[in-house]
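Notes to accompany the following structure.
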Amino acid sequence: MGAKTNAILNILAAVLLGLFIWWAEENLDGYMIQILNLIAVNIILALSLNLIYGFTGLFSLGHAGFMAIGAYVCSILILAPEQKEMLFILEPAYDWVQSAQAPFFVAVVAGGLAAALFGVLVGIPLLRLGDDYLGMATLGFAEIVRIFAINLPRVTNGALGFKGIPDHANLWWNFGWCLFTLYVIIRLIRSNSGNVFKAIRDDETAAKAMGIDVFRQKLLSFALGAFFAGVGGALLGSLVATIDPKMFTFVLTFNVLMIVVTGGLGSITGSVLAGIAITVLLEWLRFVENPVYFGDWELPGIPGMRMVVFSLALIFMILFRREGFMGKREFSWSWAVGRFFKKAGRHGI
Amino acid sequence: MASDAVLETKGLTMRFGGLTAVKNFSAAIPRGSIVGLIGPNGAGKTTCFNMITGFYKPSEGQVLFNGADITGAPPHRVCRSGIARTFQNIRLFGNETVLENAMIGCHLRQKTGWWQAVLCLPSNRREERAIAERSRELLKVVGLQELAGEKANSLPYGAQRRLEIARALATRPAFLLLDEPAAGMNPNETQELMGFIREIRRSFDLTVLLIEHDMKVVMGICEHIWVLDYGEMIAAGPPEAIQSDPKVIKAYLGEEALAHA
Amino acid sequence: MTWAMFVQHALNGLTLGSLYALIAIGYTMVYGILRLINFAHSEIFMLGAYFVLWGLTLFYLPWFVAIVVAIVVTAAIGILVDRVAYRPLRDAPRISALISAIGVSFFLQNLTIVAFGALPREVYRPAWLENPILMGEVRVLPLTLFVPTLSFLLMLGLVWVVYKTKPGLGMRAISKDIETSYIMGVPVNRIISLTFGIGSALAAASGIMWALRYPQLQPVMGSIPGFKAFIAAVFGGIGSIPGAVVGGIMLGVIEIMAVAFFPDLAGYRDAFAFILLIVILLIKPTGLMGARLEDKV
């Protein structure tokens with residue numbers, strides 16, 4: 001299939017998505033729209049972790065930290081000055097925090113850039129570490145970010161966090177960013193730069209012998225991943241309207257890791273599909289944790305059950321289908337068209 | 001000879017803790033030659049490779065490449081300066097295709113990077129197309145053009161070795177180090193390999209240093225040979241001289257063999 | 001700061017440190033043998049404490065019996081975790097087992113929430129542990145003396161097992177080279193189980209003493225001590241048992257002293273350990289007493 005046909009089909013798919021959003025905004029209830037929004041954000045987060053871990057082989061558990069940075073930076077920029085005055089009741093905000101203002105798009109980009117900057121700053125010392133140590137060190141980084149968020153009340157409002165963050169992150173923004181992330185990562189992975197990331201994942205020593213500046217490439221991948229994690233965090237903050245340090249614990253990283261592993265390390269398609277499936281499941285399983293009423297009779301909810309199910313699912317996944325649902329395979333139009341015509345052909349006979 | 005040496009090592013020494021793996025290794029490799037580094041297992045041959053290619057930082061000594069001091073430079077710099085290598089235990093990018101493996105080798109000479117690729121700039125598209133084209137040509141040289149779309153770790157053993165060489169050639173080296181290129185090959189393949197090494201020397205204007213256990217290969221194509229034993233150079237010279245050197249025979253076969261010889 | 005206060009802080013640090021050390025031993029033994037960070041170890045620590053609570057409140061067991069039963073059950077769970085979640089992944093890439101361990105950690109934590117609820121539970125301490133002893137100006141809780149002493153005895157026992165018994169020899173052999181150990185007829189799987197059992201029992205002991213020292217149980221109580229104990233193991237040199245002990249005690253003392261001397265930084269208390277981890281990994285990843293694990297080219 002030619003490049004032109006592919007491009008047309010891609011644009012067609014994007015237009016269809018746009019039509020769907022247009023329809024969804026009018027016809028779906030708030031809860032459904034919220035789930036769609038979460039799907040978009042989770043896909044962004046999964047793609048960013050997949051770039052770092054799935055494609056470059058850097059086992060990073062620091063996603064919650066990058067998301068926190070993105071969310072705080074973006075929130076500070078979009079909260080109105082009056083709102084900030086009301087929020088900072090423990091200690092007044094610094095002047096620069098109080099006065100910082102930016103439109104939503106700029107604020108999200110700033111959140112991503114701040115996360116990327118931290119990605120570079122922690123990446124320079126940490127990316128020399130091997131896989132499991134890197135995981136623990138980046139997890140440590142995420143915890144440090146959280147502890148600082150609690151202890152810098154004049155920037156983050158301490159443990160109270162922010163409430164009433166303007167809910168700019170609607171379906172258009174979220175899916176717009178989601179498509180942008182998808183586009184950037186696909187372009188990147190398909191290019192020779194993407195080959196280099198995969199080379200580092202497969203065999204770092206051989207990559208060095210091929211003249212690849214492994215450290216620089218790792219830093220690049222890590223910073224790009226951190227950027228999109230920051231973007232995801234920024235959108236999430238605006239989406240849920242409330243952020244505090246308790247939100248950015250390891251569970252958040254766990255959920256993203258879950259999506260990436262389930263979908264398949266090194267499969268963009270896998271991250272997208274698993275992002276949809278797991279977001280829906282996570283929301284659906286909320287019912288298990290809330291009480292259910294049958295008339296007067298109450299079936300009590302079981303707190304903790306949701307994560308029991310998900311952690312079990314992750315264990316099963318890693319034990320029995322380590323490569324995830326997609327492995328390293330990807331969706332392509334020629335494959336889809338081939339499938340379609342084969343089926344149609346069979347029906348014809 | 002030293003003036004026209006591609007690579008010159010001066011007193012290279014590598015110590016791991018109390019163990020001296022290579023001691024005082026000095027050699028000058030003439031431009032355009034095929035030379036061999038031989039010795040029993042554990043003699044320190046691969047350690048020499050690792051010191052030359054920057055994987056180990058020598059405890060003492062110098063590596064001069066085209067007269068420039070590259071001692072202790074990181075591997076990617078060494079490769080950029082024009083030295084490529086293969087590995088004793090094949091190290092391909094197993095999950096990538098044969099073509100991608102060759103393309104990765106081209107990356108270090110690539111001018112456009114990730115952001116040009118993301119922006120879909122024509123300069124990047126043109127360059128990547130050229131890289132793919134060149135990689136296909138290299139695959140043709142090693143006879144793998146039919147398998148370009150296969151995953152590297154699905155190739156048979158001999159093909160993997162050839163792909164490793166193609167990948168090394170992709171970095172546009174002036175000096176190629178081959179670590180046991182004939183290992184695991186049958187006599188026919190070995191014969192082909194010898195012709196092939198001579199061929200790439202000519203067409204790519206290379207100097208080749210190889211580690212090899214198969215004496216037929218070493219004696220057949222090397223113009224000069226260095227012999228290591230327990231990290232020390234015990235002999236150096238053209239193949240005929242090495243073959244009859246009592247010290248070499250002793251190192252390989254032991255004291256008694258010498259008595260019988 | 002008076003001398004008496006200093007001694008007080010030092011003893012508190014020693015108590016906290018020996019609790020870290022007991023957990024750290026489990027991390028270091030498993031890492032030494034399998035090169036696996038047993039992420040679920042912090043939950044094993046937590047379960048030890050919960051099982052005692054369960055034994056006391058549900059089955060009205062006497063203290064001593066409850067503790068013994070809790071330790072045995074926790075050790076069994078540690079072994080089970082290895083059998084179910086790690087053993088099938090022995091030949092898989094190392095990170096797979098780590099991801100499995102992260103899954104187990106969340107599983108055990110949330111299963112505890114399902115079983116006991118997420119709210120903190122009080123532990124009633126025996127009265128004799130509550131009455132402070134006066135030593136000069138220093139007021140010491142019996143627990144502050146009891147915890148390091150008992151920990152020390154447990155560690156001595158462990159050292160005896162590892163260096164003087166046949167299974168201990170097997171452990172040392174496996175940590176040197178697992179494949180050769182198989183070939184030489186070392187019952188590798190049995191010894192790995194034993195390692196998980198011992199590590200889990202020590203973590204359970206630590207969890208129980210932790211519950212006596214800080215008498216509030218929560219399903220998430222294991223995370224922070226567990227992570228700090230891992231850091232202590234890295235600090236001491238992962239794979240080395242004496243290293244884990246020294247690292248644990250040093251981390252405990254440093255933590256208490258840092259907060260005592262710089263009360264302003266108390267809010268950053270938990271960050272110290274993480275910063276320490278990053279600093280050690282960068283400066284001396286082998287820790288104080290660890291052996292170097294070479295990367296072969």
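In this text, all values refer to a predicted model and were calculated from it rather than measured experimentally. The chains referred to below are lettered A, B, ... by the order of the sequence lines, with proteins before strands, and numbering in each begins at 1.
- Counting heavy-atom pairs closer than 4.5 Å to chain B, the top residue among A:Val214, A:Ile185, A:Leu224 is A:Leu224.
- Among the candidates B:Val208, B:Thr207, B:Asp205, B:Leu206, the single residue satisfying the side-chain contact (heavy atoms from CB on, under 4.5 Å) test with B:Pro173 is B:Leu206.
- Residue B:Glu96 touches chain A through both its backbone and its side chain, counting heavy-atom pairs closer than 4.5 Å.
- Test A:Leu257, A:Thr138, A:Val260, A:Ile52 against A:His63 for side-chain contact (heavy atoms from CB on, under 4.5 Å) and you get one pass: A:Ile52.
- Interface remark: A:Ile186 contributes no atoms to any contact with chain B (heavy atom separation under 4.5 Å).
- Contact annotation for B:Thr53: neither backbone nor side-chain heavy atoms come within less than 4.5 Å of a heavy atom of chain A.
- Neither the backbone nor the side chain of A:Glu204 comes within contact range of chain B, judged by heavy atoms closer than 4.5 Å.
- Ranked by heavy-atom pairs under 4.5 Å with chain B, the first of A:Gly266, A:Gly194, A:Ala207 is A:Ala207.
- Note on B:Leu108, B:Leu119, B:Asn95, B:Asn124: by heavy-atom pairs under 4.5 Å with chain A, the leading option is B:Asn95.
- The only option from A:Phe105, A:Tyr183, A:Trp172 that meets the ring-ring contact (aromatic ring centres under 6.0 Å, His included) definition with A:Trp177 turns out to be A:Phe105.
- A donor-acceptor pair under 3.5 Å is formed between the side chain of A:Asp203 and the backbone N or O of A:Thr205.
- Salt-bridge annotation for B:Glu164 and B:Arg167: present, with a side-chain N of the basic residue lying under 4.0 Å from a carboxylate O of the acidic one.
- Without hydrogens or angle criteria, B:Arg85 side chain to A:Met210 main chain gives no donor-acceptor distance under 3.5 Å.
- Among the candidates A:Asn192, A:Asn195, A:Leu220, the residue making the largest number of heavy-atom pairs closer than 4.5 Å to chain B is A:Asn192.
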A:Glu323 and A:Arg329: CA distance, side-chain angles, deciding distance, salt bridge (charged side-chain N to carboxylate O under 4.0 Å, His left out) verdict: CA-CA 10 Å; A:Glu323 69 283 8; A:Arg329 276 166 303 168; over 6 Å; no
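- Both the backbone and the side chain of B:Ile104 come within less than 4.5 Å of a heavy atom of chain A.
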